[in-house]
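One structure is given below, encoded as C-alpha coordinates.
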Amino acid sequence: MKTEITDFKGNKRIKITGDIDMHTSPELREVLLSIIKKSKNQCVCVDFTDVTYIDSSGIATFVEGLKAIRASGSRLFFYGLPESIMEIFRFSRLDRVFEIFRTFEDAFGI
Amino acid sequence: MKTEITDFKGNKRIKITGDIDMHTSPELREVLLSIIKKSKNQCVCVDFTDVTYIDSSGIATFVEGLKAIRASGSRLFFYGLPESIMEIFRFSRLDRVFEIFRTFEDAFGI
Amino acid sequence: MKDSVKIIIPSHPKYLSVVRNVTSKIGEIYGIDETIVNDLKLAIDEACTNIIRHAYKGDTTKRIIIRYTVNPGQYTVVLEDNGIKADKNKLKGRDLNDIKPGGLGIHFIKRVFDIFMLDEKKKKGNRLILVKYLK
Amino acid sequence: MKDSVKIIIPSHPKYLSVVRNVTSKIGEIYGIDETIVNDLKLAIDEACTNIIRHAYKGDTTKRIIIRYTVNPGQYTVVLEDNGIKADKNKLKGRDLNDIKPGGLGIHFIKRVFDIFMLDEKKKKGNRLILVKYLK
Ligand SMILES: Nc1ncnc2c1ncn2[C@@H]1O[C@H](COP(=O)(O)OP(=O)(O)O)[C@@H](O)[C@H]1O
Ligand SMILES: Nc1ncnc2c1ncn2[C@@H]1O[C@H](COP(=O)(O)OP(=O)(O)O)[C@@H](O)[C@H]1O
(Lines give C-alpha, C1' and ligand atoms only; values in the text may rest on other atoms or scores of the structure.)
(Ligands and ions follow the chains in the order given, each with its own letter.)
Protein backbone atom coordinates (compact mmCIF):
# COMPACT_ATOMS: atom_id res chain seq x y z
CA MET A 1 0.00 0.00 0.00
CA LYS A 2 1.06 3.55 -0.77
CA THR A 3 -0.56 6.83 0.21
CA GLU A 4 -0.20 10.15 -1.53
CA ILE A 5 -1.53 13.38 -0.09
CA THR A 6 -2.43 16.44 -2.13
CA ASP A 7 -4.13 19.73 -1.31
CA PHE A 8 -7.24 20.84 -3.12
CA LYS A 9 -8.60 24.31 -2.42
CA GLY A 10 -7.86 24.05 1.25
CA ASN A 11 -9.06 20.46 1.40
CA LYS A 12 -7.03 17.27 1.61
CA ARG A 13 -7.04 14.40 -0.80
CA ILE A 14 -5.54 11.03 0.16
CA LYS A 15 -4.93 8.68 -2.71
CA ILE A 16 -4.43 5.08 -1.67
CA THR A 17 -2.83 2.53 -3.97
CA GLY A 18 -2.67 -1.21 -3.31
CA ASP A 19 -3.90 -3.57 -0.61
CA ILE A 20 -5.22 -2.39 2.75
CA ASP A 21 -4.87 -5.26 5.20
CA MET A 22 -3.71 -5.98 8.74
CA HIS A 23 -0.14 -5.37 7.59
CA THR A 24 -0.68 -2.01 5.90
CA SER A 25 -3.58 -0.51 7.86
CA PRO A 26 -1.41 0.76 10.76
CA GLU A 27 0.39 3.02 8.27
CA LEU A 28 -2.94 4.16 6.81
CA ARG A 29 -4.22 4.86 10.33
CA GLU A 30 -1.22 7.06 11.05
CA VAL A 31 -1.64 9.05 7.84
CA LEU A 32 -5.40 9.40 8.20
CA LEU A 33 -5.46 10.39 11.86
CA SER A 34 -2.63 12.89 11.51
CA ILE A 35 -4.44 14.63 8.64
CA ILE A 36 -7.69 14.64 10.58
CA LYS A 37 -5.97 16.03 13.63
CA LYS A 38 -4.66 18.97 11.61
CA SER A 39 -7.92 19.59 9.75
CA LYS A 40 -10.60 22.07 10.80
CA ASN A 41 -13.87 22.58 8.92
CA GLN A 42 -12.28 20.99 5.92
CA CYS A 43 -12.92 18.03 3.66
CA VAL A 44 -10.67 15.00 3.82
CA CYS A 45 -11.36 12.89 0.77
CA VAL A 46 -10.03 9.46 0.15
CA ASP A 47 -9.48 8.27 -3.41
CA PHE A 48 -10.18 4.52 -3.60
CA THR A 49 -9.67 4.23 -7.37
CA ASP A 50 -6.49 2.18 -7.05
CA VAL A 51 -7.31 0.29 -3.87
CA THR A 52 -6.98 -3.36 -4.81
CA TYR A 53 -8.12 -4.93 -1.54
CA ILE A 54 -9.57 -3.99 1.83
CA ASP A 55 -10.19 -6.18 4.86
CA SER A 56 -11.85 -5.58 8.24
CA SER A 57 -8.76 -3.91 9.69
CA GLY A 58 -8.87 -1.35 6.88
CA ILE A 59 -12.55 -0.73 7.49
CA ALA A 60 -11.94 -0.40 11.23
CA THR A 61 -9.34 2.25 10.44
CA PHE A 62 -11.86 4.29 8.49
CA VAL A 63 -14.54 3.89 11.19
CA GLU A 64 -11.99 5.22 13.65
CA GLY A 65 -11.20 8.09 11.27
CA LEU A 66 -14.87 8.92 10.98
CA LYS A 67 -15.28 9.12 14.75
CA ALA A 68 -12.22 11.36 14.99
CA ILE A 69 -13.28 13.69 12.20
CA ARG A 70 -16.71 14.25 13.61
CA ALA A 71 -15.08 15.86 16.62
CA SER A 72 -13.15 18.26 14.37
CA GLY A 73 -16.05 19.70 12.38
CA SER A 74 -14.47 18.41 9.17
CA ARG A 75 -15.95 15.90 6.78
CA LEU A 76 -14.66 12.57 5.46
CA PHE A 77 -15.48 11.73 1.82
CA PHE A 78 -14.75 8.59 -0.17
CA TYR A 79 -14.76 8.35 -3.93
CA GLY A 80 -13.76 6.03 -6.76
CA LEU A 81 -14.60 2.79 -4.94
CA PRO A 82 -14.25 -0.26 -7.18
CA GLU A 83 -17.46 -2.31 -7.16
CA SER A 84 -15.91 -5.18 -5.15
CA ILE A 85 -14.96 -2.75 -2.38
CA MET A 86 -18.31 -0.95 -2.50
CA GLU A 87 -19.90 -4.34 -2.00
CA ILE A 88 -17.93 -4.86 1.22
CA PHE A 89 -19.07 -1.50 2.58
CA ARG A 90 -22.64 -2.35 1.63
CA PHE A 91 -22.52 -5.74 3.31
CA SER A 92 -21.10 -4.10 6.46
CA ARG A 93 -23.94 -1.56 6.35
CA LEU A 94 -21.35 1.21 6.24
CA ASP A 95 -22.36 2.54 2.82
CA ARG A 96 -24.75 4.90 4.53
CA VAL A 97 -22.46 5.72 7.42
CA PHE A 98 -19.69 7.03 5.18
CA GLU A 99 -20.22 9.75 2.58
CA ILE A 100 -19.40 7.84 -0.59
CA PHE A 101 -19.32 9.51 -4.01
CA ARG A 102 -18.73 8.12 -7.44
CA THR A 103 -16.11 10.66 -8.48
CA PHE A 104 -14.11 13.50 -7.03
CA GLU A 105 -16.29 15.93 -9.02
CA ASP A 106 -19.45 14.42 -7.53
CA ALA A 107 -18.05 14.85 -4.03
CA PHE A 108 -17.49 18.57 -4.54
CA GLY A 109 -20.45 19.20 -6.81
CA ILE A 110 -18.21 20.54 -9.55
CA MET B 1 -2.12 -20.19 -21.55
CA LYS B 2 -4.20 -19.56 -24.63
CA THR B 3 -3.29 -19.90 -28.31
CA GLU B 4 -4.92 -18.15 -31.22
CA ILE B 5 -4.20 -19.01 -34.83
CA THR B 6 -4.69 -16.65 -37.75
CA ASP B 7 -3.78 -16.80 -41.42
CA PHE B 8 -1.61 -14.15 -43.00
CA LYS B 9 -1.10 -14.29 -46.79
CA GLY B 10 -0.83 -18.03 -46.78
CA ASN B 11 1.31 -18.04 -43.65
CA LYS B 12 0.30 -18.97 -40.11
CA ARG B 13 0.48 -16.78 -37.05
CA ILE B 14 0.21 -18.30 -33.55
CA LYS B 15 -0.43 -15.79 -30.80
CA ILE B 16 0.30 -17.15 -27.32
CA THR B 17 -1.09 -15.48 -24.20
CA GLY B 18 -0.09 -16.36 -20.64
CA ASP B 19 2.35 -18.76 -19.00
CA ILE B 20 4.10 -21.58 -20.86
CA ASP B 21 5.12 -24.18 -18.31
CA MET B 22 5.10 -27.94 -17.77
CA HIS B 23 1.33 -27.75 -17.35
CA THR B 24 0.54 -25.81 -20.50
CA SER B 25 3.33 -26.83 -22.89
CA PRO B 26 1.67 -30.14 -23.93
CA GLU B 27 -1.19 -28.10 -25.39
CA LEU B 28 1.25 -25.75 -27.12
CA ARG B 29 3.11 -28.75 -28.52
CA GLU B 30 -0.07 -30.15 -30.01
CA VAL B 31 -1.01 -26.83 -31.64
CA LEU B 32 2.49 -26.14 -32.93
CA LEU B 33 3.19 -29.60 -34.33
CA SER B 34 -0.19 -29.89 -36.02
CA ILE B 35 0.32 -26.56 -37.78
CA ILE B 36 3.83 -27.54 -38.81
CA LYS B 37 2.61 -30.87 -40.12
CA LYS B 38 0.10 -29.13 -42.38
CA SER B 39 2.51 -26.41 -43.55
CA LYS B 40 4.59 -26.57 -46.70
CA ASN B 41 7.06 -23.88 -47.75
CA GLN B 42 5.25 -21.47 -45.47
CA CYS B 43 6.10 -19.31 -42.49
CA VAL B 44 4.84 -20.22 -39.06
CA CYS B 45 5.30 -17.21 -36.83
CA VAL B 46 4.81 -17.15 -33.11
CA ASP B 47 3.73 -13.94 -31.41
CA PHE B 48 5.33 -13.76 -27.94
CA THR B 49 4.01 -10.29 -27.07
CA ASP B 50 1.66 -11.57 -24.38
CA VAL B 51 3.71 -14.49 -23.14
CA THR B 52 4.15 -13.88 -19.43
CA TYR B 53 6.42 -16.81 -18.61
CA ILE B 54 8.35 -19.61 -20.27
CA ASP B 55 10.25 -22.47 -18.68
CA SER B 56 12.46 -25.23 -20.06
CA SER B 57 9.49 -27.36 -21.09
CA GLY B 58 8.23 -24.50 -23.25
CA ILE B 59 11.64 -24.07 -24.81
CA ALA B 60 11.91 -27.81 -25.42
CA THR B 61 8.60 -27.61 -27.26
CA PHE B 62 9.93 -24.95 -29.61
CA VAL B 63 13.18 -26.85 -30.18
CA GLU B 64 11.07 -29.84 -31.15
CA GLY B 65 8.99 -27.60 -33.43
CA LEU B 66 12.14 -26.29 -35.11
CA LYS B 67 13.40 -29.80 -35.85
CA ALA B 68 9.99 -30.73 -37.27
CA ILE B 69 9.68 -27.64 -39.44
CA ARG B 70 13.09 -28.05 -41.02
CA ALA B 71 11.86 -31.31 -42.53
CA SER B 72 8.87 -29.53 -44.08
CA GLY B 73 10.70 -26.78 -45.92
CA SER B 74 8.80 -24.17 -43.91
CA ARG B 75 10.26 -21.59 -41.55
CA LEU B 76 9.60 -20.86 -37.90
CA PHE B 77 9.68 -17.17 -36.83
CA PHE B 78 9.36 -15.63 -33.38
CA TYR B 79 8.52 -12.01 -32.69
CA GLY B 80 7.47 -9.68 -29.88
CA LEU B 81 9.58 -11.36 -27.20
CA PRO B 82 9.52 -9.48 -23.89
CA GLU B 83 13.05 -8.75 -22.68
CA SER B 84 12.84 -11.25 -19.80
CA ILE B 85 12.00 -14.03 -22.25
CA MET B 86 14.60 -12.92 -24.78
CA GLU B 87 17.13 -13.15 -21.95
CA ILE B 88 16.23 -16.82 -21.37
CA PHE B 89 16.73 -17.63 -25.05
CA ARG B 90 20.05 -15.80 -24.98
CA PHE B 91 21.23 -17.63 -21.89
CA SER B 92 20.25 -20.95 -23.52
CA ARG B 93 22.20 -19.96 -26.64
CA LEU B 94 19.03 -20.40 -28.68
CA ASP B 95 18.77 -16.78 -29.77
CA ARG B 96 20.81 -17.65 -32.83
CA VAL B 97 19.17 -21.00 -33.42
CA PHE B 98 15.69 -19.51 -33.72
CA GLU B 99 14.82 -16.72 -36.17
CA ILE B 100 13.79 -14.01 -33.75
CA PHE B 101 12.42 -10.65 -34.91
CA ARG B 102 11.37 -7.60 -33.02
CA THR B 103 8.00 -7.16 -34.69
CA PHE B 104 5.75 -8.94 -37.12
CA GLU B 105 6.64 -6.31 -39.74
CA ASP B 106 10.37 -6.97 -39.25
CA ALA B 107 9.80 -10.67 -39.74
CA PHE B 108 8.17 -10.13 -43.12
CA GLY B 109 10.20 -7.12 -44.18
CA ILE B 110 7.07 -5.03 -44.59
CA MET C 1 -2.40 -35.84 -0.26
CA LYS C 2 -5.18 -35.95 -2.84
CA ASP C 3 -5.76 -32.49 -4.21
CA SER C 4 -4.70 -30.46 -1.20
CA VAL C 5 -2.37 -27.50 -1.09
CA LYS C 6 -0.95 -26.58 2.28
CA ILE C 7 0.86 -23.41 3.21
CA ILE C 8 2.54 -22.61 6.48
CA ILE C 9 3.35 -19.00 7.30
CA PRO C 10 4.72 -17.17 10.33
CA SER C 11 1.98 -15.34 12.25
CA HIS C 12 3.14 -12.00 10.86
CA PRO C 13 0.69 -9.82 8.89
CA LYS C 14 3.23 -9.32 6.12
CA TYR C 15 2.59 -12.88 4.95
CA LEU C 16 -1.17 -12.37 4.51
CA SER C 17 -0.62 -11.24 0.94
CA VAL C 18 1.04 -14.59 0.17
CA VAL C 19 -2.06 -16.39 1.45
CA ARG C 20 -4.35 -14.16 -0.62
CA ASN C 21 -2.31 -14.97 -3.70
CA VAL C 22 -2.51 -18.69 -3.06
CA THR C 23 -6.28 -18.39 -2.62
CA SER C 24 -6.52 -16.56 -5.95
CA LYS C 25 -4.40 -19.05 -7.83
CA ILE C 26 -6.30 -22.04 -6.46
CA GLY C 27 -9.53 -20.36 -7.49
CA GLU C 28 -8.12 -19.95 -11.00
CA ILE C 29 -6.92 -23.56 -11.21
CA TYR C 30 -10.36 -24.85 -10.28
CA GLY C 31 -12.22 -22.33 -12.44
CA ILE C 32 -14.08 -20.77 -9.52
CA ASP C 33 -16.00 -17.61 -10.31
CA GLU C 34 -13.92 -14.47 -9.67
CA THR C 35 -16.48 -12.85 -7.38
CA ILE C 36 -16.48 -15.94 -5.18
CA VAL C 37 -12.69 -16.07 -5.22
CA ASN C 38 -12.62 -12.47 -3.96
CA ASP C 39 -14.94 -13.39 -1.11
CA LEU C 40 -12.82 -16.45 -0.28
CA LYS C 41 -9.67 -14.29 -0.28
CA LEU C 42 -11.20 -11.91 2.23
CA ALA C 43 -12.64 -14.67 4.41
CA ILE C 44 -9.41 -16.65 4.66
CA ASP C 45 -7.46 -13.45 5.27
CA GLU C 46 -9.83 -12.59 8.14
CA ALA C 47 -9.43 -16.04 9.62
CA CYS C 48 -5.65 -15.57 9.62
CA THR C 49 -5.96 -12.06 11.03
CA ASN C 50 -8.06 -13.44 13.89
CA ILE C 51 -5.46 -16.08 14.64
CA ILE C 52 -2.71 -13.46 14.83
CA ARG C 53 -4.83 -11.10 16.92
CA HIS C 54 -6.73 -13.43 19.22
CA ALA C 55 -5.07 -16.85 19.31
CA TYR C 56 -1.51 -15.48 19.30
CA LYS C 57 -2.25 -12.08 20.93
CA GLY C 58 -0.15 -10.35 18.31
CA ASP C 59 2.89 -12.59 18.63
CA THR C 60 4.28 -12.61 15.09
CA THR C 61 6.73 -15.49 15.58
CA LYS C 62 4.25 -18.37 15.74
CA ARG C 63 2.86 -20.24 12.80
CA ILE C 64 -0.36 -20.65 10.89
CA ILE C 65 -1.16 -23.69 8.77
CA ILE C 66 -3.70 -23.33 5.99
CA ARG C 67 -4.87 -26.32 3.95
CA TYR C 68 -7.00 -25.99 0.84
CA THR C 69 -8.87 -28.99 -0.56
CA VAL C 70 -11.07 -28.61 -3.60
CA ASN C 71 -13.34 -31.48 -4.56
CA PRO C 72 -16.22 -31.38 -7.02
CA GLY C 73 -18.87 -29.26 -5.37
CA GLN C 74 -16.88 -28.55 -2.22
CA TYR C 75 -14.14 -26.09 -1.31
CA THR C 76 -12.61 -26.70 2.11
CA VAL C 77 -10.07 -24.67 4.04
CA VAL C 78 -8.66 -25.78 7.36
CA LEU C 79 -6.72 -23.29 9.48
CA GLU C 80 -4.60 -24.40 12.40
CA ASP C 81 -2.71 -22.57 15.11
CA ASN C 82 -1.03 -23.41 18.42
CA GLY C 83 -2.37 -20.41 20.25
CA ILE C 84 -4.91 -19.79 22.98
CA LYS C 85 -8.06 -21.82 22.55
CA ALA C 86 -10.96 -19.75 21.25
CA ASP C 87 -13.99 -19.27 23.46
CA LYS C 88 -16.79 -20.54 21.25
CA ASN C 89 -19.27 -18.13 22.81
CA LYS C 90 -17.16 -15.12 21.86
CA LEU C 91 -16.69 -16.29 18.30
CA LYS C 92 -19.20 -13.98 16.75
CA GLY C 93 -19.18 -10.68 14.96
CA ARG C 94 -20.67 -7.49 16.34
CA ASP C 95 -24.23 -6.34 15.63
CA LEU C 96 -23.88 -4.78 12.17
CA ASN C 97 -25.97 -1.80 13.28
CA ASP C 98 -23.66 -0.98 16.17
CA ILE C 99 -21.11 1.03 14.20
CA LYS C 100 -17.67 0.78 15.77
CA PRO C 101 -14.19 -0.34 14.72
CA GLY C 102 -13.76 -4.13 14.58
CA GLY C 103 -16.15 -7.03 14.83
CA LEU C 104 -16.54 -7.63 11.08
CA GLY C 105 -14.12 -10.52 10.51
CA ILE C 106 -16.46 -13.37 11.44
CA HIS C 107 -19.20 -11.77 9.33
CA PHE C 108 -16.90 -11.77 6.32
CA ILE C 109 -16.00 -15.41 6.89
CA LYS C 110 -19.60 -16.57 7.31
CA ARG C 111 -20.75 -14.52 4.35
CA VAL C 112 -19.05 -16.87 1.89
CA PHE C 113 -18.52 -20.14 3.77
CA ASP C 114 -21.45 -22.49 4.37
CA ILE C 115 -19.78 -24.29 7.26
CA PHE C 116 -17.79 -22.56 10.01
CA MET C 117 -16.70 -25.17 12.53
CA LEU C 118 -14.13 -25.16 15.31
CA ASP C 119 -12.80 -28.70 15.63
CA GLU C 120 -13.19 -29.64 19.31
CA LYS C 121 -10.91 -32.65 18.95
CA LYS C 122 -7.76 -30.59 18.61
CA LYS C 123 -5.77 -30.75 21.83
CA LYS C 124 -3.60 -27.65 21.67
CA GLY C 125 -4.53 -24.54 19.71
CA ASN C 126 -7.35 -24.24 17.22
CA ARG C 127 -8.45 -25.95 14.05
CA LEU C 128 -11.05 -24.00 12.12
CA ILE C 129 -12.84 -25.87 9.34
CA LEU C 130 -14.45 -23.78 6.63
CA VAL C 131 -16.49 -25.31 3.82
CA LYS C 132 -18.11 -23.70 0.83
CA TYR C 133 -20.40 -25.68 -1.44
CA LEU C 134 -19.76 -24.98 -5.08
CA LYS C 135 -22.35 -25.22 -7.81
CA MET D 1 9.62 -21.24 12.39
CA LYS D 2 11.63 -18.04 12.10
CA ASP D 3 10.92 -16.35 8.83
CA SER D 4 10.12 -19.41 6.77
CA VAL D 5 7.20 -19.98 4.47
CA LYS D 6 6.45 -23.56 3.52
CA ILE D 7 4.15 -24.76 0.80
CA ILE D 8 3.17 -28.33 0.04
CA ILE D 9 1.66 -29.14 -3.34
CA PRO D 10 0.61 -32.32 -5.14
CA SER D 11 3.14 -33.32 -7.80
CA HIS D 12 0.84 -32.13 -10.57
CA PRO D 13 2.06 -29.46 -13.01
CA LYS D 14 -1.12 -27.45 -12.54
CA TYR D 15 0.14 -26.34 -9.11
CA LEU D 16 3.39 -24.90 -10.47
CA SER D 17 1.70 -21.55 -10.99
CA VAL D 18 0.87 -21.43 -7.27
CA VAL D 19 4.54 -21.92 -6.46
CA ARG D 20 5.57 -19.20 -8.91
CA ASN D 21 3.14 -16.82 -7.26
CA VAL D 22 4.47 -17.59 -3.80
CA THR D 23 8.01 -16.99 -5.06
CA SER D 24 6.92 -13.62 -6.48
CA LYS D 25 5.16 -12.51 -3.32
CA ILE D 26 8.07 -13.50 -1.09
CA GLY D 27 10.36 -11.54 -3.36
CA GLU D 28 8.09 -8.53 -2.99
CA ILE D 29 7.89 -8.84 0.80
CA TYR D 30 11.67 -8.86 1.09
CA GLY D 31 12.19 -6.18 -1.52
CA ILE D 32 14.22 -8.38 -3.82
CA ASP D 33 14.97 -6.95 -7.24
CA GLU D 34 12.35 -7.93 -9.83
CA THR D 35 14.87 -9.36 -12.29
CA ILE D 36 16.24 -11.64 -9.60
CA VAL D 37 12.73 -12.64 -8.54
CA ASN D 38 12.00 -13.67 -12.13
CA ASP D 39 15.12 -15.82 -12.18
CA LEU D 40 14.16 -17.37 -8.81
CA LYS D 41 10.66 -18.11 -10.11
CA LEU D 42 12.06 -19.96 -13.09
CA ALA D 43 14.68 -21.83 -11.05
CA ILE D 44 12.25 -23.04 -8.38
CA ASP D 45 9.74 -23.99 -11.06
CA GLU D 46 12.42 -26.05 -12.83
CA ALA D 47 13.34 -27.78 -9.58
CA CYS D 48 9.67 -28.78 -9.11
CA THR D 49 9.39 -29.86 -12.75
CA ASN D 50 12.41 -32.10 -12.28
CA ILE D 51 10.87 -33.67 -9.19
CA ILE D 52 7.65 -34.46 -11.08
CA ARG D 53 9.52 -35.75 -14.11
CA HIS D 54 12.48 -37.59 -12.62
CA ALA D 55 11.86 -38.31 -8.93
CA TYR D 56 8.17 -39.18 -9.39
CA LYS D 57 8.37 -40.36 -13.03
CA GLY D 58 5.30 -38.31 -13.87
CA ASP D 59 3.13 -39.57 -11.01
CA THR D 60 0.98 -36.53 -10.20
CA THR D 61 -0.43 -37.82 -6.89
CA LYS D 62 2.72 -37.47 -4.77
CA ARG D 63 3.78 -34.37 -2.95
CA ILE D 64 6.42 -31.70 -3.09
CA ILE D 65 7.46 -29.60 -0.11
CA ILE D 66 9.05 -26.22 -0.73
CA ARG D 67 10.44 -24.11 2.10
CA TYR D 68 11.58 -20.52 1.65
CA THR D 69 13.77 -18.84 4.25
CA VAL D 70 14.99 -15.31 3.73
CA ASN D 71 17.63 -13.93 6.05
CA PRO D 72 19.67 -10.78 5.55
CA GLY D 73 21.95 -11.55 2.65
CA GLN D 74 20.70 -15.07 2.07
CA TYR D 75 17.72 -16.56 0.27
CA THR D 76 17.30 -20.28 0.81
CA VAL D 77 14.87 -22.70 -0.76
CA VAL D 78 14.66 -26.34 0.25
CA LEU D 79 12.71 -28.77 -1.93
CA GLU D 80 11.74 -32.20 -0.71
CA ASP D 81 10.17 -35.21 -2.34
CA ASN D 82 9.64 -38.89 -1.53
CA GLY D 83 10.52 -40.14 -4.99
CA ILE D 84 13.40 -42.04 -6.52
CA LYS D 85 16.78 -40.88 -5.31
CA ALA D 86 18.59 -38.75 -7.83
CA ASP D 87 21.83 -40.04 -9.29
CA LYS D 88 24.24 -37.23 -8.50
CA ASN D 89 26.27 -37.93 -11.60
CA LYS D 90 23.29 -37.42 -13.87
CA LEU D 91 22.28 -34.18 -12.19
CA LYS D 92 23.64 -31.91 -14.82
CA GLY D 93 22.27 -29.97 -17.77
CA ARG D 94 23.18 -30.74 -21.36
CA ASP D 95 26.00 -29.06 -23.26
CA LEU D 96 24.43 -25.74 -24.27
CA ASN D 97 25.86 -26.09 -27.77
CA ASP D 98 24.20 -29.45 -28.35
CA ILE D 99 20.80 -28.13 -29.41
CA LYS D 100 18.02 -30.58 -28.52
CA PRO D 101 14.83 -30.56 -26.48
CA GLY D 102 15.40 -30.76 -22.71
CA GLY D 103 18.46 -30.49 -20.52
CA LEU D 104 18.07 -26.82 -19.58
CA GLY D 105 16.44 -27.06 -16.13
CA ILE D 106 19.60 -27.49 -14.08
CA HIS D 107 21.25 -24.65 -16.02
CA PHE D 108 18.34 -22.36 -15.10
CA ILE D 109 18.62 -23.35 -11.45
CA LYS D 110 22.39 -22.85 -11.27
CA ARG D 111 22.19 -19.57 -13.15
CA VAL D 112 20.61 -17.80 -10.18
CA PHE D 113 21.46 -19.93 -7.13
CA ASP D 114 24.96 -19.84 -5.68
CA ILE D 115 24.59 -23.16 -3.89
CA PHE D 116 22.96 -26.26 -5.41
CA MET D 117 23.27 -29.12 -2.95
CA LEU D 118 21.56 -32.47 -2.66
CA ASP D 119 21.34 -33.33 1.03
CA GLU D 120 22.87 -36.80 1.37
CA LYS D 121 21.46 -37.25 4.87
CA LYS D 122 17.87 -37.64 3.69
CA LYS D 123 16.89 -41.31 3.92
CA LYS D 124 13.97 -41.57 1.50
CA GLY D 125 13.50 -39.26 -1.47
CA ASN D 126 15.44 -36.09 -2.11
CA ARG D 127 16.16 -32.82 -0.36
CA LEU D 128 17.59 -30.17 -2.63
CA ILE D 129 19.06 -27.12 -0.93
CA LEU D 130 19.35 -23.96 -3.00
CA VAL D 131 20.95 -20.80 -1.67
CA LYS D 132 21.30 -17.41 -3.28
CA TYR D 133 23.41 -14.72 -1.64
CA LEU D 134 21.73 -11.34 -1.72
CA LYS D 135 23.50 -8.02 -1.80
N1 LIG E 1 -9.01 -17.25 16.07
C2 LIG E 1 -9.66 -16.77 17.16
N3 LIG E 1 -9.29 -17.15 18.39
C4 LIG E 1 -9.93 -16.69 19.47
N5 LIG E 1 -10.96 -15.83 19.44
C6 LIG E 1 -11.37 -15.40 18.24
C7 LIG E 1 -10.75 -15.84 17.06
N8 LIG E 1 -11.38 -15.27 16.03
C9 LIG E 1 -12.34 -14.49 16.54
N10 LIG E 1 -12.35 -14.55 17.87
C11 LIG E 1 -13.30 -13.85 18.76
O12 LIG E 1 -14.42 -13.46 17.98
C13 LIG E 1 -14.60 -12.04 18.08
C14 LIG E 1 -15.15 -11.49 16.77
O15 LIG E 1 -14.18 -11.65 15.76
P16 LIG E 1 -14.22 -10.70 14.49
O17 LIG E 1 -15.59 -10.72 13.93
O18 LIG E 1 -13.14 -11.17 13.57
O19 LIG E 1 -13.91 -9.26 15.03
P20 LIG E 1 -12.58 -8.62 15.71
O21 LIG E 1 -11.47 -9.59 15.50
O22 LIG E 1 -12.42 -7.34 14.97
O23 LIG E 1 -12.95 -8.44 17.15
C24 LIG E 1 -13.25 -11.50 18.46
O25 LIG E 1 -13.31 -10.26 19.12
C26 LIG E 1 -12.71 -12.61 19.36
O27 LIG E 1 -13.21 -12.49 20.69
N1 LIG F 1 14.83 -34.16 -9.08
C2 LIG F 1 15.58 -35.01 -9.83
N3 LIG F 1 15.65 -36.32 -9.52
C4 LIG F 1 16.39 -37.16 -10.26
N5 LIG F 1 17.11 -36.79 -11.33
C6 LIG F 1 17.09 -35.50 -11.70
C7 LIG F 1 16.33 -34.55 -10.97
N8 LIG F 1 16.50 -33.34 -11.56
C9 LIG F 1 17.31 -33.54 -12.58
N10 LIG F 1 17.68 -34.83 -12.70
C11 LIG F 1 18.61 -35.41 -13.71
O12 LIG F 1 19.35 -34.32 -14.28
C13 LIG F 1 19.18 -34.29 -15.70
C14 LIG F 1 19.21 -32.85 -16.20
O15 LIG F 1 18.09 -32.14 -15.69
P16 LIG F 1 17.56 -30.86 -16.44
O17 LIG F 1 18.71 -29.95 -16.71
O18 LIG F 1 16.45 -30.28 -15.63
O19 LIG F 1 17.01 -31.38 -17.84
P20 LIG F 1 15.79 -32.35 -18.19
O21 LIG F 1 14.96 -32.51 -16.98
O22 LIG F 1 15.12 -31.61 -19.30
O23 LIG F 1 16.43 -33.63 -18.64
C24 LIG F 1 17.86 -34.99 -15.93
O25 LIG F 1 17.76 -35.52 -17.23
C26 LIG F 1 17.89 -36.07 -14.86
O27 LIG F 1 18.64 -37.19 -15.25
Side-chain angles (χ1 to χ4, degrees), chain C residues 1-32 34 37-38 40-41 44-45 48 51-52 55-56 58-72 75-83 124-125, chain D residues 1-32 34 37-38 40-41 44-45 48 51-52 55-56 58-72 75-83 124-125:
Chain C
M1 185 72 186
K2 293 173 306 173
D3 263 5
S4 287
V5 170
K6 194 178 194 171
I7 175 159
I8 304 165
I9 56 160
S11 57
H12 190 293
K14 73 180 167 189
Y15 296 104
L16 293 175
S17 65
V18 180
V19 177
R20 290 201 296 275
N21 256 265
V22 170
T23 307
S24 286
K25 265 291 156 198
I26 288 176
E28 235 175 71
I29 289 172
Y30 288 97
I32 300 171
E34 207 188 310
V37 173
N38 282 336
L40 292 169
K41 253 167 81 172
I44 297 165
D45 186 279
C48 293
I51 290 172
I52 300 173
Y56 290 136
D59 183 341
T60 59
T61 66
K62 303 294 176 183
R63 60 189 207 165
I64 304 174
I65 305 177
I66 304 140
R67 196 177 67 234
Y68 300 79
T69 312
V70 188
N71 289 314
Y75 179 105
T76 307
V77 182
V78 178
L79 293 110
E80 294 190 59
D81 65 65
N82 284 304
K124 203 181 149 351
Chain D
M1 186 72 184
K2 294 172 304 170
D3 263 3
S4 286
V5 170
K6 193 178 192 169
I7 176 159
I8 304 165
I9 56 161
S11 55
H12 191 293
K14 72 180 168 191
Y15 296 104
L16 294 175
S17 65
V18 180
V19 177
R20 290 200 296 272
N21 257 265
V22 169
T23 307
S24 286
K25 265 292 155 197
I26 288 176
E28 236 175 70
I29 290 171
Y30 288 96
I32 300 170
E34 208 189 310
V37 173
N38 281 337
L40 293 169
K41 255 168 80 174
I44 297 165
D45 187 280
C48 292
I51 290 172
I52 300 173
Y56 289 137
D59 184 340
T60 59
T61 66
K62 304 296 178 182
R63 58 190 210 165
I64 303 173
I65 306 176
I66 305 140
R67 195 175 70 233
Y68 300 79
T69 311
V70 188
N71 289 315
Y75 180 105
T76 307
V77 182
V78 179
L79 294 110
E80 293 190 59
D81 64 65
N82 284 303
K124 203 183 149 352

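Below, chain A is the first sequence line, B the second, and so on; all start at residue 1. What's counted below: heavy atoms across the whole structure, side chains too, no hydrogens, waters or symmetry copies.
- With values rounded to the nearest 0.5 angstrom, D:D3 atom CG is found 3.5 Å from C:Y15 atom OH.
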Can you check side chain to side chain contact (heavy atoms under 4.5 Å, CB included) on D:V22 and C:V22, steps first, answer last?
CA-CA 7 Å; D:V22 169; C:V22 170; 3.6 Å; yes

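- Between the NZ atom in C:K6 and the NZ atom in D:K6 there is a gap of 8.0 Å [rounded to 0.5 Å].
- Annotation: the span from D:S17 atom OG to C:E28 atom CD amounts to 6.5 Å, rounded to 0.5 Å.
- The side-chain contact (heavy atoms from CB on, under 4.5 Å) test applied to D:S11 returns D:I52, D:Y56, D:K62, D:I64, not counting sequence neighbours.
- Contact check for C:I7 versus D:V5: side-chain heavy atoms found under the 4.5 Å cut-off.
- Note on D:K25, D:K14, D:R67: by heavy-atom pairs under 4.5 Å with chain C, the leading option is D:K25.
- Nearest approach of C:P10 to D:S4, heavy atoms of both residues: CD-O, 3.1 Å.
- Residues C:V18 and D:I29 meet the side-chain proximity criterion, which asks for heavy atoms closer than 4.5 Å.
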